[in-house]
Structures are given as structure tokens and as C-alpha cells.
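Naming convention: chains lettered A, B, ... in sequence-line order (proteins, then strands); numbering from 1 in each chain.
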Amino acid sequence: MFIPFHSLLSQLSKLKLTISRTKELHAFVIRTHLSRDPFYATRVLRFYAINDDIISARNLFDKTPQRSIYLWNSLIRAYASAHKFTDAFFLFKDMLYSEIKPDNFTFACVVRASSENFDVHSLRVLHGAIFLSGLHWDFICSSQLVSAYSRLGCIADASKVFSGITDPDLVLWNSMISGYGCLGELEKGLELFSRMQKMGLRPDEYTMVGLIKAIYDPSVLEIGESIHAFCLKLGVESNSHITSLLVSMYSRCKCMGLAFRVFECRVEPDLVTWSAIISGTSLCGNSVKALDFFREMNMKGRKADPPLIATVLTACSQLATVQPGSEIHGYAFRHGYHMEVMVSSALVDMYSKCGFLELGYQVYKTMTFKNIVSINSIISSLGLYGLASQAFQIFEKALVEGHKPDEATFSALLCACCHAGLVNDGRKYFRRMKDQFGIPANTEHYIYMVKLLGMEGQLREAYELIVQSLQEPVDSGIWGALLSCCDAHRNYELADIVASHLFGNKLENSRYKIMLANMYASDGRWDLVNKLRVDLESKELKHPGKSWITSTKPFP
DNA sequence: TTAGGGTTAG
């Protein structure tokens with residue numbers, strides 16, 4: 001039968017085919033010398049890229065003497081989307097030495113690649129090159145710069161790029177709002193949201209995604225509900241991204257009633273939305289119900305993919321029994337997903353949290369492909385069991401094998417140090433993280449360090465570490481950890497200093513106030529205890545009578 | 001006058 005290839009050619013660059021059909025078309029392209037035409041060369045190259053045949057794409061590129069900017073950009077993009085970042089950057093460098101100069105789309109592509117490769121250094125170099133090319137006014141370049149800086153947590157840089165644009169378009173506003181959203185900077189996101197509307201721009205689903213992400217906990221539930229209402233007004237609530245994000249948002253706000261309602265409005269939820277309801281339910285402490293959702297999904301004939309299996313395994317790891325988790329292991333095996341790195345890492349985590357470290361270690365050992373996620377999960381597991389030295393060995397071996405540690409690796413290592421009480425090793429890893437790997441310490445790292453130093457009674461050192469290394473306002477969790485140490489060591493002098501930081505930056509909450517009140521009570525400072533009690537009771541907190549005071553000293 | 005390329009979810 002005649003294969004109507006000519007009819008396929010018009011949509012060649014968007015065509016995803018079966019392997020045999022791809023081979024046929026490949027043969028056709030060679031037979032007809034189609035790729036010698038500069039226009040078709042690009043289309044064919046993109047066709048190869050979309051069909052995961054990057055080698056043919058490269059061959060075609062090499063054999064095309066007259067390369068247009070389209071051809072260059074298409075191959076750079078093909079490498080970047082295949083996460084072959086080194087190849088993408090090498091090709092970009094070749095381009096700089098060729099007669100074709102990069103345009104705004106080339107820069108947008110490599111900027112995105114540098115952020116996906118977590119490479120801040122390259123990003124800054126590219127930003128400089130964009131500036132020198134005079135492309136910093138371009139919307140396509142600048143929106144990508146805003147997104148890339150935000151993805152890497154450099155929100156100040158993102159904001160600087162954004163403010164440099166006089167009349168930003170919708171995509172630029174959305175990129176900036178999304179950047180703030182990822183960091184939970186709700187106020188700033190809302191401010192931009194209001195400003196863009198004053199400028200006459202109508203928000204769209206991307207805008208709403210950015211805002212929903214900024215709703216981090218129950219204290220801002222009401223704002224979340226207003227954002228939800230705005231989605232209804234815009235008519236974007238049935239968008240699958242919006243649905244799944246609303247489910248996650250209500251779960252973070254511990255408001256499962258609303259999460260279920262959003263979920264039920266969806267006739268055919270996609271896998272991401274199923275995943276959101278499963279992880280949300282589990283996050284709110286009901287892993288049994290989370291597994292019921294998984295069963296329901298299967299009854300409806302939906303087949304889970306590796307990320308969804310990993311989510312279900314995380315729910316299983318919250319249970320006291322290993323049986324559901326091992327059943328999911330069987331499910332993954334039957335569907336051929338047990339060797340997927342995402343699934344195996346979740347299995348390691350699940351088995352160790354359910355009390356079967358040995359089974360988790362077996363899974364880890366049999367993994368054919370390991371990445372930093374799986375390495376982090378075995379380090380965490382070993383740490384959890386107090387086997388710090390084995391965790392350290394895995395870490396060193398991973399370095400030798402060329403793995404690049406990330407912030408979660410150091411969280412796992414510091415956690416292992418905490419469980420084993422290894423203060424000096426903790427200090428050492430904390431230092432190496434910054435000096436050797438250039439990873440800035442995050443809130444979690446500081447909390448582990450505070451706990452570790454607290455164990456040895458080195459409270460001053462912990463305090464100095466916080467004030468020297470972080471800019472105000474320090475995340476309240478770090479001060480909270482130090483406050484607990486002050487309580488344990490009865491260091492009321494330092495507790496006062498910590499309290500002044502907390503109150504000075506409006507970071508105090510009822511938990512810290514109760515902790516402080518107990519310390520003041522133990523210290524006999526009843527005037528301060530009463531002041532805090534009045535404050536707590538005025539906020540109608542449910543702490544009847546004096547029961548929140550646990551001090552052993554008598555209340556006068 | 002043929003081409004594509006910038007912001008979203010687990």
C-alpha cells in the first residue's frame with residue numbers, strides 16, 4: 001500500500017510516530033534527499049528530535065552545509081529537552097564561533113537549560129551575553145531569565161530583570177508571579193496580581209497557577225479561597241493544572257473537605273490530579289483513605305505511572321505496617337516499573353520507614369541506574385537507623401562515581417549526624433556543603449545544625465551560626481529549634497535574645513509563646529508568663545486555664 | 001509571502 005508521506009510532511013516537525021513508521025519515514029527522507037532543502041532540513045531535524053532520535057538529528061545537522069538559525073536552534077533545543085545539557089552548551093559555543101549569531105530564541109533555550117541543570121554560574125554568564133547582545137529588552141529572553149532565576153531561588157535577580165522591563169506583557173507578569181509563588185511570597189505575588197490588572201491585563205490560568213502555589217498553610221486559607229473564586233470567574237477551574245493545584249493547596253491548608261469537593265468536580269481526573277488527592281490525603285494523616293483512592297483509581301481502569309506509584313509508596317511509608325507498601329511493590333513489578341529510579345527510591349524510603357531497612361537496602365543494591373535521589377534516600381534511611389558511618393560511606397562512594405550532591409543530600413547527612421549524635425561530623429559536612437560544593441545552607445540544614453550543637457550544649461555557637469550566616473528575617477523554624485535547645489539547657493538568657501529576634505521580626509506563634517511562657521515560669525518570671533497568657537487567651541486559643549503551663553514550679 | 005522559538009501541576 002502506498003504510504004502518503006507527502007501528506008505527512010506539512011506537519012512533520014510535530015509528528016510522533018511508531019518506531020517502524022519512523023524508520024520508514026527516515027528511509028524516505030534519505031531516498032528523496034529531502035533534508036538537503038534548508039527548509040525541510042529543520043522540519044526533519046525536529047521530527048527526529050520529537051521521536052527521541054537525537055543521533056539522526058545530529059547527523060542531519062552535520063551533513064547540512066548551509067545551516068540556518070532555525071537549524072541551530074532546533075538542535076540546541078533537542079539536546080536541552082533530552083537533558084543533554086553539556087551537548088547543548090557545546091553546540092551553543094560552536095554557534096558563537098560560526099557566522100550565525102544566537103538570537104533571542106537561542107538565548108531563551110540555553111537560559112532554560114542552565115536553570116534545569118541547576119547551573120547559576122552559566123545563567124549569570126548568559127545573562128551578561130544577553131545584555132551585550134542588546135537582547136535584554138526582548139520579552140522572550142527576559143521572561144525566560146525571570147523564570148530561570150526564580151527556579152534557582154535567585155528571586156532578587158528575577159525581580160531586577162522584571163523591573164527593567166518598562167511595559168511587561170502577560171507572560172512576563174506570569175513568570176514573575178510564579179517566581180514569587182514558588183517561594184511562598186504570597187504578598188508580593190498578590191501585589192503584582194493587582195498591579196497587572198490595573199495596567200489593563202486580564203490574568204489567565206498561568207497567573208492563577210503562580211498564585212495558588214503561594215498558598216502555603218492554613219493561615220492563608222481565606223486568600224486561597226478567594227484565588228479559587230477568581231479561577232471560577234475566569235473560567236479556568238476545569239483546567240487540569242488548576243484542579244490538581246487546588247487539590248494540593250487545600251491539602252496544605254489541612255482543608256480536605258474542600259480538596260475532595262474540587263476533586264469530585266472533575267469527571268475524569270488525570271494522573272497528576274489523582275496523585276494530588278492521594279498525597280494530600282496522606283499528608284493530612286489519613287494514609288488508609290489515600291490508599292482507598294488508589295484502589296478506586298484502579299477500579300476505574302486507570303494505570304499508574306512511576307511518579308504516581310512513588311506517591312502511593314510515600315503514603316504507605318506513613319503506615320505502621322509494611323504490607324500495603326509491599327503490595328505496591330508487587331504492583332510496580334507487574335507493571336514493569338520496579339526498576340524506575342523514582343519507584344526504587346520510594347521503595348527504599350518506604351521499607352526503611354516501615355521498619356525493614358534490610359529490604360530497602362536490597363532494593364538499593366539491585367538498582368541498575370542510581371541517581372542523586374536514590375542515593376539521598378539510602379543515606380536518609382541509614383541515618384534514620386543510626387548507621388551514620390555507612391551513610392557517610394555511601395556518600396563518599398557516590399562522589400567517586402561522579403554524582404553531584406544536592407541540598408537534600410546534606411539534609412540526609414546532617415540528619416544522620418543528629419541521630420548518631422556526631423557533632424563534629426555535622427560541622428564538617430556543613431562546611432563542605434558550602435566550601436566544596438557551593439550549596440547554600442537552607443532552613444532545614446540550619447535546624448539540624450542547631451539541634452546538633454544543642455546536643456553538646458554549644459548554644460552560643462548555634463546562635464552565632466544563625467546570626468552570622470543568614471540575613472534577617474531568619475525562618476522562624478530555626479529560632480524555634482534554638483528556643484527548644486535553650487529550654488532543654490535552661491539557658492534563659494539566650495532564650496530572651498531569641499525571643500527578641502522572633503518578636504522583632506513578627507515571627508512569633510502560639511507554639512513559641514507557650515514554650516517561652518514555660519521557660520519564664522521555670523525561671524519564676526510570672527509577670528512575663530501572665531503577659532503571654534493574656535496574649536494567647538485574647539486570640540481565643542483553646543488552652544483552657546493554666547493547662548498549657550507545664551512548669552513544675554507552683555503558679556503563684 | 002513556506003519554519004519555531006518565552007510563563008503552569010505529582
Side-chain angles (χ1 to χ4, degrees), chain A residues 9-14 37-47 49-50 68-78 80-81 102-112 115 130 135 138-151 158 161-162 165 168-182 192 196 201 203-214 231 236 239-249 251 262 266 269-280 282-283 290 297 304-315 342 346:
Chain A
L9 290 179
S10 61
Q11 43 176 324
L12 188 61
S13 52
K14 293 171 194 153
D37 179 302
F39 169 72
Y40 277 112
T42 308
R43 291 209 142 187
V44 174
L45 191 149
R46 291 175 59 83
F47 163 75
I50 212 167
S68 65
I69 181 89
Y70 296 101
L71 196 73
W72 279 97
N73 288 354
S74 299
L75 187 59
I76 293 174
R77 197 176 144 72
S81 1
D103 64 2
N104 49 346
F105 298 108
T106 324
F107 279 117
C109 181
V110 282
V111 161
R112 190 190 175 96
S115 79
I130 288 169
L135 284 167
D138 179 79
F139 282 2
I140 288 164
C141 271
S142 46
S143 64
Q144 198 51 269
L145 277 172
V146 169
S147 305
Y149 275 127
S150 309
R151 267 186 226 117
V161 173
F162 180 76
I165 304 287
D169 70 352
L170 182 61
V171 175
L172 260 157
W173 283 101
N174 288 348
S175 307
M176 196 63 243
I177 290 175
S178 190
Y180 283 127
C182 287
L192 287 187
M196 72 180 277
L201 283 161
D204 66 357
E205 63 188 78
Y206 288 86
T207 324
M208 302 322 288
V209 163
L211 290 173
I212 297 169
K213 282 193 293 192
C231 290
V236 298
N239 171 286
S240 64
H241 290 173
I242 298 279
T243 309
S244 72
L245 277 169
L246 283 172
V247 170
S248 308
M249 177 192 85
S251 310
V262 172
R266 189 102 205 156
D270 64 5
L271 288 184
V272 181
T273 308
W274 277 110
S275 170
I277 197 73
I278 292 170
S279 67
S282 171
L283 198 75
M297 190 194 96
D305 64 353
L308 194 115
I309 295 174
T311 302
V312 179
L313 284 168
T314 306
M342 209 179 267

Which nucleotide in B:dT7, B:dA9, B:dG6 has an atom nearest any side-chain atom of A:S147: B:dT7
Testing the basics here: between A:T273 and A:D270, what is the closest heavy-atom pair and its distance to 0.1 Å? OG1-OD1, 2.7 Å
Considering only side-chain heavy atoms of A:K213, which listed nucleotide, B:dT7, B:dT8, B:dA3, is closest? B:dT8
Can you figure out which of B:dG10, B:dG6, B:dT2 approaches the side chain of A:F39 most closely? B:dT2
Listed nucleotide nearest any side-chain atom of A:Y206, set B:dG6, B:dT7, B:dG10: B:dT7
Per A:S143 side chain, nearest of listed nucleotides B:dG6, B:dT8, B:dA3: B:dG6
Would you indicate which nucleotide in B:dA3, B:dG4, B:dT7 comes nearest to any side-chain atom of A:N174? B:dT7
Counting only side-chain N and O atoms of A:R77, is one of them less than 4.0 Å from OP1 or OP2 of B:dA3? no
Under 4.0 Å between a side-chain N/O of A:R43 and OP1 or OP2 of B:dT2, yes or no? no
Tell me: CZ of A:R151 to C1' of B:dA9, nearest whole Å? 14 Å
Out of B:dA3, B:dT7, B:dG10, whichever nucleotide has its closest atom nearest the side chain of A:S175: B:dT7
Which listed nucleotide (B:dG4, B:dG10, B:dA9) is nearest to the side chain of A:L308? B:dG10
Pick base, sugar-phosphate or nothing for A:S240, based on heavy-atom distances below 4.0 Å to the nucleic acid. base
Measure across A:A304 and A:L308 and return the closest heavy-atom pair with its distance rounded to 0.1 Å. CB-CD2, 3.6 Å
Candidate nucleotides B:dT8, B:dG10, B:dG4, ranked by approach to the side chain of A:H241 - the nearest: B:dT8
With a non-hydrogen cut-off below 4.0 angstrom, is A:T311 in contact with a base, only sugar-phosphate, or nothing? nothing
Indicate, with a heavy-atom threshold strictly under 4.0 Å, whether A:D204 touches base, sugar-phosphate, or nothing. nothing
Applying a 4.0 Å non-hydrogen cut-off, can you work out what A:S244 is touching in the nucleic acid: base, sugar-phosphate, or nothing? base
Over all heavy atoms of both residues, which pair between A:T106 and A:N73 is shortest? Give the atoms and the distance, please. OG1-OD1, 2.8 Å
